[in-house]
Undergrad: 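Following this message is one structure expressed as structure tokens.
Hydrogens, waters and symmetry mates play no part in the numbers below; they use all other heavy atoms, side chains included.
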Amino acid sequence: MRPRTRPARIVPFCYDDGVRGGIPLGVGVAGFVAIVFPQAGSGMSSRVLIAGMGCAVLIAALGAYLIWTHHVFTRTDPAELSRIGKVQYQRGPSPIARLLGLGSTENWAISVAVAAVAGAIAAAVLGTQEGGTLLTLLALFTAAIAWTTVVYAFALRYFRLHSAGELFAFDTEDQPRFVDFLTVALMISSAGALSAATPTTRASLGAVRTHTVIAFAFNALVIAMTVSLISGLIATFGGSSQSTV
């Protein structure tokens, strides 16, 4: 009688969006609780503490997710990565991803956009007098890393669509890799236009259309608030320099 062997896992955990996003977020939330609660009775305003730590947690968690994602999807053999992308597209989001609200690219993008807006609103409402310059800078970094997360979320979607047969036609003759889909997503998020590749199926075209709408709304709202925060910082530094004269 042959010993039982555990079947090989079709997709390793490191390729699961829920795992790569959930672990850093869980660690960040634990750190948030560990730092905020002991400081609740200190002289620092609780609102400033919560807003600042919330931004810091998002920056750290999303930063870890982006670094992990880039490392995993750029270091894997292209043929193996294509197989994984096809399996992921066919089976859909994992239970972990659904549990964390990452069941779709739209959810990812909207969640980080809301977080960026919340950070900008907190910095604007609390102001530099109560929150200080640090809170404004944290809000700016939150907006930047949220924008980058949207780019990576749609790059993963394009890659998985292409791996499953919903092809993108690239201008180059080489077999497209993940960085090529990252380039496509970067162009759409920054310029709202395609130049590196063209969707060839209804599903791939629909993904590009959704990305364009979300990118336009994100840029119009978050960037406008970011400009307002930068203007506030300039006004604050200008006022402080004049007062010292």
Undergrad: Output the distance between atom CG (L182) and atom OH (Y158), rounded to the nearest 0.5 Å.
TA: 11.5 Å

Undergrad: Report the distance from atom CG of L161 to atom CZ of F154, rounding to the nearest 0.5 Å.
TA: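 Here the rounded value is 10.5 Å.
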
Undergrad: Would a single hydrophobic cluster contain both L58 and L66, if residues Ile, Leu, Val, Met, Phe, Trp and Tyr are joined by side-chain heavy-atom contacts under 4.5 Å?
TA: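 They do not share one cluster, since no chain of ILVMFWY contacts under 4.5 Å joins L66 to L58.
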
Undergrad: Can you check side-chain contact (heavy atoms from CB on, under 4.5 Å) on M187 and T183, steps first, answer last?
TA: CA-CA 6 Å; M187 289 180 176; T183 300; 3.7 Å; yes

Undergrad: Test of understanding: clusters of I, L, V, M, F, W, Y form through side-chain heavy atoms closer than 4.5 Å, transitively. Do L134 and F141 belong to the same one?
TA: yes

Undergrad: Going through the distances and angles, do E106 and R157 end up as a side-chain contact (heavy atoms from CB on, under 4.5 Å)?
TA: CA-CA 10 Å; E106 292 85 347; R157 182 171 181 177; 2.8 Å; yes

Undergrad: So, using ring pair (Phe, Tyr, Trp, His ring centres under 6.0 Å) as the criterion, who are the partners of F170 when residues are at least two apart?
TA: F181

Undergrad: Can you tell me how far the CD1 atom of I145 sits from the CG atom of L62, to the nearest 0.5 Å?
TA: 5.5 Å

Undergrad: Give me the atom names and distance for the closest heavy-atom approach of G119 to C55.
TA: CA-SG, 4.0 Å

Undergrad: Any idea which heavy atoms bring F168 and T200 closest together, and the distance?
TA: N-OG1, 4.3 Å

Undergrad: Under the side-chain contact (heavy atoms from CB on, under 4.5 Å) criterion, do I10 and R83 qualify, and how do the steps go?
TA: CA-CA 10 Å; I10 297 178; R83 182 196 69 80; 3.9 Å; yes

Undergrad: Where the side chain of S82 meets the backbone of P78, is there a donor-acceptor pair that is under 3.5 Å apart?
TA: no

Undergrad: Could you check whether atom CZ of R75 has more than 12 heavy atoms from other residues, nucleotides or ligands sitting under 6.0 Å from it?
TA: no

Undergrad: So which atom in P12 and which in I84 form the shortest heavy-atom distance, rounded to 0.1 Å?
TA: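 Taking P12 first and I84 second, the nearest heavy atoms are CD-CD1, 4.3 Å.
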
Undergrad: If hydrophobic clusters are built by linking Ile, Leu, Val, Met, Phe, Trp and Tyr wherever their side-chain heavy atoms come under 4.5 Å apart, do F159 and L167 end up in the same one?
TA: no

Undergrad: Would you give the length of the straight line joining atom OG1 of T142 to atom CG of L137, rounded to the nearest 0.5 angstrom?
TA: 10.5 Å

Undergrad: Find the distance between OG1 (T198) and CG (L205) and round it off to the nearest 0.5 Å.
TA: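 Nearest 0.5 Å value for the OG1-CG distance: 10.5 Å.
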
Undergrad: Looking at every non-hydrogen atom in both residues, tell me the closest pair between S94 and D16 and how far apart they are.
TA: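 Taking every non-hydrogen atom into account, OG-OD2, 2.6 Å.
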
Undergrad: Could you walk me through whether L156 and T105 pass the side-chain contact (heavy atoms from CB on, under 4.5 Å) check?
TA: CA-CA 9 Å; L156 288 169; T105 309; over 6 Å; no

Undergrad: Nearest 0.5 Å, please: how far is CG in D17 from CH2 in W108?
TA: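 So the gap between those two atoms works out to 8.0 Å.
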
Undergrad: What heavy-atom pair brings S204 and E166 nearest, and what distance separates the two atoms?
TA: CB-O, 3.8 Å

Undergrad: Any idea which heavy atoms bring A155 and A185 closest together, and the distance?
TA: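 For A155 versus A185, the nearest heavy atoms are N-CB, 3.8 Å.
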
Undergrad: If you define the side chain from C-beta out and look only at heavy atoms, does anything of K86 sit under 4.5 Å from Y89?
TA: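 No - every pair of side-chain heavy atoms lies 4.5 Å or more apart.
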
Undergrad: Transitively linked via ILVMFWY side-chain contacts under 4.5 Å: V11 with I23?
TA: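 Same cluster.
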
Undergrad: Is there a donor-acceptor contact under 3.5 Å from the side chain of R177 to the main chain of T74?
TA: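 The answer is no, because no donor-acceptor pair under 3.5 Å joins these two groups.
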
Undergrad: Would you say the side chain of F32 lies within less than 4.5 Å of the side chain of I50, judging by non-hydrogen atoms?
TA: yes

Undergrad: Checking one residue: I110. Which other hydrophobic residues are in its cluster under the side-chain 4.5 Å linking rule?
TA: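 Grouped by the 4.5 Å side-chain rule, V114 form the rest of the cluster around I110.
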
Undergrad: Applying the 4.5 Å side-chain criterion to the ILVMFWY set and letting contacts propagate, would L99 and V29 be lumped into a single cluster?
TA: no

Undergrad: For residues S189 and H211, is any side-chain donor paired with an opposing acceptor at under 3.5 Å?
TA: yes

Undergrad: Which residues pass the ring pair (Phe, Tyr, Trp, His ring centres under 6.0 Å) test with F73, sequence neighbours left out?
TA: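 If we apply the ring pair (Phe, Tyr, Trp, His ring centres under 6.0 Å) test to F73, skipping adjacent residues, the hits are Y15, F178.
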
